[in-house]
Protein chains: 2
Amino acid sequence: MSERKPSTRPTIDDVASYAGVSIATVSRVINQTAPVATKTVERVQAAIENLNYQPQAAARTLAGRKTRTIGLLLPQIGGYFFFPMLQGIESGAHVDGYNLLIHSALSNPDPDQGEMPLALGEHNTDGLIVFAHSLSEKELRRLYDFGLPLVLLHQSPPEGLAIPNVTFENKDGARRIVEHLIEVHGYREIAILTGPEEHEDSYWREMGYLEALNAHGLVFNSALKLRGKFSPEIARLAVAGLLGTGVPLDAIFAADDESASGAMMALREAGLRIPEDVAVVGFDDTLLASHLTPPLTTVHAPIEQAGRVAISQLVRLINGEKTESVTLLPTELVIRKSCGCCSK
Amino acid sequence: MSERKPSTRPTIDDVASYAGVSIATVSRVINQTAPVATKTVERVQAAIENLNYQPQAAARTLAGRKTRTIGLLLPQIGGYFFFPMLQGIESGAHVDGYNLLIHSALSNPDPDQGEMPLALGEHNTDGLIVFAHSLSEKELRRLYDFGLPLVLLHQSPPEGLAIPNVTFENKDGARRIVEHLIEVHGYREIAILTGPEEHEDSYWREMGYLEALNAHGLVFNSALKLRGKFSPEIARLAVAGLLGTGVPLDAIFAADDESASGAMMALREAGLRIPEDVAVVGFDDTLLASHLTPPLTTVHAPIEQAGRVAISQLVRLINGEKTESVTLLPTELVIRKSCGCCSK
DNA sequence: TTGTACGCGTTATCAC
DNA sequence: GTGATAACGCGTACAA
């Protein structure tokens, strides 16, 4: 298959002469930036239609100093968490009339060491949504100082930077699900599978776990704190290791659904039944949760909504309107079977 | 939280005067488009560094007539299939130095009826990757006739349009997994859960199924053909319906992993064991497959690779190089437990 | 090896 | 309501 030669596209001048008006008028009907006579509008629109004209984005940006584009920076693409988030962000961006430019930080080497400057920034975006720790603090500061509108998803801003951030009521959700394990099922030996060290959501989920323990007079047993890193494989190994020690165990609170699935694997491999021998609960309520066997009791996190809110905050910022410095989205307990409820 | 005022960014002129050269020279060192004296290069680079200069994307595009951006058009964002694909596309695009603009067709109303023109197109991209049927044939034709480089993912081009397309060896993979059911396990009553009607991958998977049946002297029983639409819920209902009829059933070949998970649910709800009573196999080998209980025997499809190949084809097209009209990526049988193998 | 000057296609600011 | 025309920031002949 060989190349075809691109034809030349019509410009605003072509439209203007076709319609017998000036380019200024054409611009006016396109952008509705000033009143134009109805007849003229019709002629111009017909011209646009007939010539199949579409304004050149780059020229508009250059002249109008707006890219109409929002950038999204992610640590990496993948995981169950990712697509509802992207869904929210994409639809939100589109509703507000913005294009979405995506980059994963992995393919975006650290600008502190390497040469390559950030592919997303003030030169091609009106604002950025930064997920968790996809940007070094230094780079974040640079962009902030520059004045680029920024919103942080699932990360609070570095000291002194007034960047809006949106996340979940993690502590509250975690506390509630752990209390469910304690109050409804009477479990007392409850392990926790934490996420990555630096992950703030994980931190607050752990705090919620501790709070629930304390509220019910249970003492925290550090042997029951396992690092799951939001990864099924790592969680599986961690749980297998715990089971090897023979420590008594009633239930496992995994800080996300993926590590919960790893925990389930480990339990099953050890010949333990879920939830009869050990209960397992998660956090996030991703697609995975309902596909597991038994279906996972978890905390529903409004992931898609978070994406949408992040966009709306960013758009407000771009428009120079006031924004919330922190948005905490409520979570909700979702009872399925892995905790011991509803089992037959 | 209130607004901050954006500072003004340095231009190529600032860099030029800072370095004591002309803007042409600055442009040359940035784009390495002509030899420049080493000393000069150093001075310019220092200037760029000190001024924190980054070229304005819009201006480069306007002057150089290249957006350095690739557009990705999707029917909707979601499903397990989606991550690896996006991963491949994103990384591929980045490796080749392109930005990635994403749009889902859902938020992109049909331009044939509505007003809104396609948000992605010749005005803001150098080329487009179009997934399955996210674009009407008319719009596809328009873009093609215009000369915009186009690559189709999991869809063959409309009559007469020479657009490269990349997909899997669907028929072959389907045939192999169904033959596995027949030859290794001796199943004869094998149902199929197809995907959406118009989906080509699904069509070829069905063909592979039929081929396997024929090759082993089994006659196709139309009662065993169920529409799963690549959806767990729809598949679940379809299978439940089938079970209600009492038709004999040894195994189910689901045309994708998600419908396989739905089939499993239905079977379990009917009190049937997998694979002892009815075996289930899928297609794609997404994350889901290994998370199911029992782990799903399926056909591994190189989803991420398909994304990467699509990008490379598109880039070749953009560069005016020759491309493959069709790329068929090989699939591979992945034996887990849901077919009856490895069970203990 | 380097500099000058024009053009890329819009928006925005004036006048009329 | 409408029309000239000056930016916008950069690439790139063409000259030197």
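These numbers come from a predicted model, not from an experiment. Here is how names work: the chains are called A, B, and so on, in the same order as the sequence lines, proteins then strands, and each is numbered from 1.
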What's the CD-C1' distance between B:Q56 and C:dC8, to the nearest Å?
15 Å
To the nearest Å, how far apart are B:I23 CD1 and C:dC8 C1'?
13 Å
Output yes when at least one side-chain N/O atom of A:R60 is less than 4.0 Å from OP1 or OP2 of C:dT11, else no.
yes
Closest approach of A:H123 and B:P55, non-hydrogen atoms and distance?
CB-O, 3.2 Å
Whether B:T40 contacts C:dT2 is assessed here as follows: a side-chain N or O lying under 4.0 Å from the phosphate OP1 or OP2. Is that the case?
yes
Closest approach of B:D14 and B:R9, non-hydrogen atoms and distance?
OD2-O, 4.3 Å
Regarding A:V21, tell me which of base, sugar-phosphate or nothing describes its non-hydrogen contacts under 4.0 Å with the strands shown.
sugar-phosphate
Report the distance from atom CG of A:N31 to atom P of C:dA12, rounded to the nearest whole Å.
7 Å
Go nucleotide by nucleotide along DNA chain C from the 5' end; which of B:P35 and B:A63 gets its closest nucleotide reached first?
B:P35
Starting at the 5' end of DNA chain C and moving along, which residue's nearest nucleotide shows up first, B:A59 or B:T38?
B:T38
Closest approach of B:A119 to A:N99 (non-hydrogen atoms, all atoms of both residues):
O-ND2, 3.9 Å
Tell me: CZ of B:R43 to P of C:dT2, nearest whole Å?
8 Å
Separation of C:dT2 atom C1' from B:I12 atom CD1, nearest Å, is 14 Å
For a side chain to side chain contact (heavy atoms under 4.5 Å, CB included) with A:R43, tell me which candidate from A:V29, A:V21, A:T25, A:V26 qualifies.
A:V21
Whole-Å distance separating the CG atom of A:L51 from the P atom of C:dG9
14 Å
5'-most to 3'-most nt of DNA chain D touching chain A (<4.0 Å, heavy-atom partner on protein side) reads D:dG1 to D:dG9
Distance check: side-chain N/O of B:S22 vs OP1/OP2 of C:dG3, anything under 4.0 Å?
yes
Think A:S27 has a side-chain N or O under 4.0 angstrom from the OP1 or OP2 of C:dT10?
no
Rounded to the nearest Å, what distance is computed from the CZ atom of residue A:R65 to the P atom of nucleotide C:dA12?
10 Å
Atom CG of A:D13 to atom C1' of C:dG9: distance rounded to whole Å?
8 Å
For B:S134 and B:L73, work out which heavy atoms get closest and say how close.
OG-O, 3.2 Å
Salt bridge between A:E122 and A:R142, side-chain N to carboxylate O under 4.0 Å?
yes
Under 4.0 angstrom, heavy atoms only, what part of the nucleic acid is A:A24 near: base, sugar-phosphate, or nothing?
base
Do the charged groups of B:E90 and B:R308 touch, with an N to O distance under 4.0 Å?
no
